[in-house]
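What follows is one structure encoded as structure tokens, with my remarks underneath.
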Amino acid sequence: MIYSGSCHCGAIAFEVEAEITEAMDCNCSMCRRRGGLLTFVPRDRLTLQTPASELSTYEFNRHVIRHHFCAICGIAPFADGEGKDGPMAAVNVRCLPDVDLEALTITKFDGKRF
Ligand SMILES: [Zn+2]
């Protein structure tokens, strides 16, 4: 299935091809503040529909994940980085309006240990 996603103001819009039935709730220093729910897809399944220049990017810790956010509305729709099987994206499913959040299986991830 192809989901449309965006930040709040629409400066960042994208499509992601995935079967989304579950999401990860991470407690790392960033996720606990941001409050997103993440699902992981190969980076090439995510297609930006707005210019890449609209992405503001934050990195921390080991600087291996690029946390993208919108400089206008502040929403963080996805991150990307190198996974063990190639480039991956971590999509904030809260930014995909067609995902029924109540139907997802939520897995807790103890990211604060890393
Ligand atoms: Zn925005």
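The two residues Ala23 and Leu104 make their nearest non-hydrogen contact at CB-CD1, 4.0 Å. Residues Asn92 and Gly36 approach most closely at OD1-CA, 3.6 Å, considering heavy atoms. In plain terms, the two heavy atoms of Ile75 and Cys95 that are nearest each other are CG2-SG, 3.6 Å. Between Phe14 and Pro77, the shortest heavy-atom contact is CE2-CB, 3.5 Å. In terms of heavy atoms, Ala18 sits closest to Val41 at CB-CG1, 3.7 Å. The shortest non-hydrogen separation linking Ala89 to Leu46 is CB-CD1, 4.1 Å.
Under the 4.5 Å side-chain contact rule for hydrophobic residues, Met88 and Val16 do not share a cluster. Tyr58 and Phe78 are not part of a single hydrophobic cluster, where members link through side-chain heavy atoms under 4.5 Å apart. The hydrophobic clustering, which links ILVMFWY residues whose side-chain heavy atoms are closer than 4.5 Å, places Leu96 and Met24 apart. No continuous path of ILVMFWY side-chain contacts below 4.5 Å connects Leu38 to Phe60, so the two sit in separate hydrophobic clusters. Under the 4.5 Å side-chain heavy-atom criterion for ILVMFWY residues, a single connected hydrophobic cluster contains both Val91 and Val99.
Taking the side chain as every heavy atom from C-beta outward, Leu55 and Ile12 approach each other to under 4.5 Å. With a 4.5 Å cut-off on side-chain heavy atoms, Leu101 and Arg94 count as touching. The shortest distance between side-chain heavy atoms of Thr57 and His68 falls below 4.5 Å.
Gln49 contributes atom CD, which lies 6.0 Å from atom OG of Ser4 (distance to the nearest 0.5 angstrom). Here Asn61 contributes atom CG and Met30 contributes atom CE; the two are 12.0 Å apart, rounded to the nearest 0.5 Å. Within the model, atoms OG1 of Thr47 and CD of Glu17 stand 8.5 Å from one another, a figure rounded to the nearest 0.5 Å. Of the inter-residue distances, the one linking His67 atom NE2 with Ser56 atom OG reads 14.0 Å to the nearest 0.5 angstrom. Put simply, SG on Cys7 and CZ on Phe69 are 11.5 Å apart, with the number rounded to the nearest 0.5 Å.
The salt bridge (charged side-chain N to carboxylate O under 4.0 Å, His left out) search around Arg43 returns Asp80, not counting sequence neighbours.
Looking at Glu19, its side chain does come within 3.5 Å of a backbone N or O of Met1 through a donor-acceptor pair. At distances below 3.5 Å, not a single donor-acceptor pair connects side-chain atoms of Asp25 with backbone N or O atoms of Thr107.
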Requested in this report: Apply side-chain contact (heavy atoms from CB on, under 4.5 Å) to Thr21 and Thr105, showing your working.
Outcome: CA-CA 6 Å; Thr21 57; Thr105 301; 5.9 Å; no
